[in-house]
Amino acid sequence: MTKMAPAIVILGQNSVSVARKIISVLPGATLYGLAGRTSGVDVSFTNFGDTLRELFAQGTPLIGICATGILIRTLAPMLANKKQEPPVLAVAEDGSAVVPLLGGLSGVNDLARRIAESLHVKPAITTTGDIRFHTALLSPPPGYYLANPDDAKKFISDLLAGAQVKLEGTAPWLSNSQLPIDPKGNLTIQITERLVTLTPNCLVYHPATIAIAVSDTVDVALVQQLLTDAELAPASVAGIFAPITMAANPAIKAIAQAFNVPTRFFTPNQLKSFLSQGYSPAQAIAYTVTSASPTLRSAAIASTSPHVAIAIAPAPIDPSTIGQPQGRLAIIGTGPGGSQWMSPEVKEILKSVTDLVGYKTYLDLVGSLADGKQRHESDNRQEISRATMALDLAATGRYVAVVSSGDPGIYAMAAAVFEVCDRHNKPEWESIEIHVAPGISAMQAASAAIGAPLGHDFCAISLSDILKPWSIIAQRIAAAAQADLAIAFYNPVSQERTWQLSEARNILLQYRNPDTPVVVARNLGRPGQMVKVIKLNELIPEVADMRTVILVGSTQTRTILRRNGEIFVYTPRRYTE
Ligand code: SAH
């Protein structure tokens with residue numbers, strides 16, 4: 001089974017409604033649309049061939065709402081390696097046909113069935129073995145791992161030629177299939193978490209039934225050794241389970257990575273009943289995992305380490321239903337406005353998070369990426385309580401994005417979150433993974449819109465005197481002017497705060513020429529974008545509002561007027577006195 005979220009690729013606006021239906025059954029999917037022909041898509045591309053080939057090379061499942069021929073011709077140069085190809089499907093623009101083309105080994109038929117079901121049509125599945133047995137031996141359902149895929153091809157053709165197969169072990173998807181099952185069959189399908197010797201006449205599926213519980217820092221090698229000693233297959237490990245206090249522990253991450261499985265965590269409260277019966281923390285976790293659902297009961301607990309317990313459940317374990325994941329907090333910057341200035345990393349994070357925390361206007365900037373997420377809106381000024389709420393939420397295992405406009409580290413939420421961590425820390429926050437994802441700041445967008453006014457040394461100063469006294473701001477403006485820095489003024493004015501900008505100009509005029517170029521940029525990347533160049537002595541509060549950033553040139557900053565009336569401002573990199 002492939003784990004990457006699919007890309008749905010469309011060439012015209014007509015395909016959007018079919019694409020939306022498909023997305024409703026594949027929630028993580030990204031919608032790619034041809035620039036100029038589509039709108040409201042997640043990613044807009046200009047070169048169809050390059051985009052498709054790049055996604056294919058990354059192993060992204062591809063759903064093209066277009067003719068099969070287009071997909072085949074585009075991907076033809078890349079079809080050398082059958083084992084590594086992601087699923088590729090063509091869907092008719094009117095939703096009347098779903099054609100799996102490639103990726104038989106990576107679950108294309110399953111994907112085709114799900115898509116076809118959402119469109120109320122039958123998928124055009126052409127894989128012989130699949131039609132005949134209504135099951136894909138090559139791509140078992142989640143929770144089962146085929147240990148010897150190289151033997152499968154001959155095995156399936158033997159079945160198609162009339163051979164019978166006996167089942168050893170239990171797997172409903174096999175026993176309920178139309179396989180020619182016969183206890184006296186020559187072929188065998190074995191379902192086992194044990195390490196077994198592989199032979200061509202026996203397909204071995206390892207079910208994800210093993211829970212590894214870890215209660216203290218231990219080496220990956222120790223866990224691997226314990227598993228080998230117990231003659232258990234690493235492919236049957238379903239997850240690594242640990243106390244919530246270990247969620248940020250690198251050893252746990254290393255173990256999970258070695259087995260390529262999720263980690264899930266428990267609060268002391270969740271382990272109480274087994275701990276009070278005298279079990280070690282590792283055992284209590286193992287028992288809690290295997291008795292998490294009434295059908296799961298621990299079949300065995302084996303371990304020679306006091307900090308590790310291994311439990312085998314009678315049916316595959318779905319870690320996503322047990323305990324909680326590590327809480328995650330992403331502090332992200334959306335850029336100044338439009339989606340073209342939002343980083344791919346931020347878009348990726350927005351797709352994965354469960355919760356969005358932020359000022360309403362900023363959450364609105366996120367657009368359709370916010371669909372289906374829990375929104376926690378707040379007033380722009382309640383930064384500390386917003387940061388605390390986000391951390392508390394993440395500590396419960398949610399994946400929370402704290403959303404700022406521009407860059408989250410520039411006059412925004414990142415510092416607020418770290419301030420709260422520093423001054424009001426709670427022990428449960430220690431388990432949270434915290435990540436800051438940068439964005440394009442207003443000053444960069446303003447600079448780009450007009451040329452390169454920040455092309456040499458510069459600084460940023462916020463004119464808001466809510467969090468710092470005006471005397472400090474005034475001192476900084478004077479120092480920056482003396483140092484001949486170009487200056488980006490954030491928060492230049494607000495409804496209640498207008499005199500500061502005039503004051504700032506007056507201080508600057510003591511050091512700079514009245515005709516120093518000043519860039520006034522409002523609503524960058526948003527509707528109503530306005531960028532104009534004025535002179536320093538024309539800088540009055542009326543030119544700005546809360547959504548304006550102002551760039552003041554240094555003594556070196558120059559203006560270029562082109563014949564077509566266009567104006568550029570730049571600060572040369574070379575300094576001349
Ligand atoms: N983190 C943001 C800044 C937040 S402070 C960033 O990196 O851009 C808020 C100030 O940023 C506003 O008062 C304004 O000065 C500036 N700003 C934010 N977005 C803007 C936009 N789209 N256009 C112009 N200025 C903007």
Side-chain angles (χ1 to χ4, degrees), residues 330-343 345-346 356-367 378-384 386-387 390 401-419 436-450 453-454 458-468 473 476-477 480 486-502 504-505 518-534 539-552 569:
I331 310 163
I332 63 174
T334 58
S339 121
Q340 77 278 19
W341 281 343
M342 195 186 288
S343 82
E345 181 193 22
V346 165
L356 296 171
V357 174
Y359 176 44
K360 182 175 182 310
T361 316
Y362 298 160
L363 294 188
D364 290 342
L365 282 178
V366 168
S378 61
D379 189 288
N380 201 12
R381 298 213 178 149
Q382 302 161 347
E383 290 183 340
I384 294 302
R386 203 189 309 163
V402 175
V403 182
S404 295
S405 85
D407 182 274
I410 298 181
Y411 307 122
M413 283 303 292
V417 170
F418 291 114
E419 184 184 329
V436 185
I440 295 175
S441 190
M443 64 185 168
Q444 291 164 279
S447 168
I450 201 72
L454 306 179
F458 70 93
C459 67
I461 298 177
S462 166
L463 291 188
S464 166
D465 54 1
I466 298 171
L467 300 173
K468 58 185 172 184
I473 303 175
R476 276 191 196 158
I477 298 170
I487 306 171
F489 283 126
Y490 282 74
N491 302 306
V493 296
S494 76
Q495 270 150 0
E496 309 91 62
R497 215 170 32 74
T498 52
W499 59 264
Q500 287 85 348
L501 186 59
S502 307
R505 176 206 55 221
V518 171
V519 179
V520 180
R522 181 190 302 157
N523 284 324
L524 289 155
R526 306 176 192 171
Q529 168 166 326
M530 187 281 305
V531 180
K532 67 177 178 193
V533 182
I534 58 172
L539 185 56
I540 51 170
E542 288 71 29
V543 303
D545 64 8
M546 277 163 68
R547 293 168 175 197
T548 306
V549 69
I550 294 172
L551 310 180
V552 178
V569 175

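Whatever order the structure lists them in is the order used to number ligands and atoms, beginning at 1. In this text the structure is predicted, and so the values were computed from the model without any measurement.
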N/O separation below 3.5 Å, S441 to ligand 1: yes
- prompt: Just checking, is any N or O donor in the side chain of Y490 or S441 under 3.5 Å from an acceptor N or O on the other one?
  reply: yes
Close approach, G525 and ligand 1, non-hydrogen under 4.0 angstrom: no
task: Specify the protein heavy atom at minimum distance from atom 11 (O) of ligand 1: its residue, its atom name, and the distance to 0.1 Å.
output: Y490 CD2, 3.3 Å
query: By number and element, which atoms of ligand 1 are closer than 4.0 Å to a non-hydrogen atom of D407?
result: 1 (N), 6 (C), 7 (O)
task: Provide, to 0.1 Å, the distance between atom 3 (C) of ligand 1 and the closest protein heavy atom, together with that atom's residue and name.
output: I410 O, 3.5 Å
query: Within less than 4.0 angstrom of ligand 1, does S405 place any heavy atom?
result: yes
Residue M546 vicinity, atoms of ligand 1 by number, heavy atom under 4.0 Å: 12 (C), 13 (O), 14 (C)
message: Regarding T361 and D364, do their side chains bring together a donor and an acceptor under 3.5 Å, going by distance alone?
response: no
message: To check your reading of the model: name the closest protein heavy atom to atom 19 (N) of ligand 1, its residue, and the distance in Å.
response: R526 NH2, 3.3 Å
message: For atom 18 (C) of ligand 1, what is the closest protein heavy atom, and at what distance to 0.1 Å?
response: A442 CB, 3.9 Å
query: Can I473 and Q500 be said to form a side-chain contact (heavy atoms from CB on, under 4.5 Å), step by step?
result: CA-CA 9 Å; I473 303 175; Q500 287 85 348; over 6 Å; no
- prompt: Just which atoms of ligand 1 are under 4.0 Å from any heavy atom in A412?
  reply: 1 (N)
query: Should one rank T548, V531, I440 by closest heavy-atom distance to atom 15 (O) of ligand 1, which comes out on top?
result: T548
message: Looking only at protein heavy atoms, which one is nearest to atom 4 (C) of ligand 1, and what is the separation?
response: Y411 O, 3.4 Å
message: List ligand 1 atoms under 4.0 Å from R547, heavy atoms only on the residue side.
response: 23 (N), 24 (C), 25 (N)
Contact check, S404 vs ligand 1, heavy-atom distance below 4.0 Å: no
Taking atom 23 (N) of ligand 1 as the reference point, the nearest protein heavy atom with its distance: L524 N, 2.9 Å
The one among N491, T334, T361 that brings a heavy atom closest to atom 9 (C) of ligand 1: N491
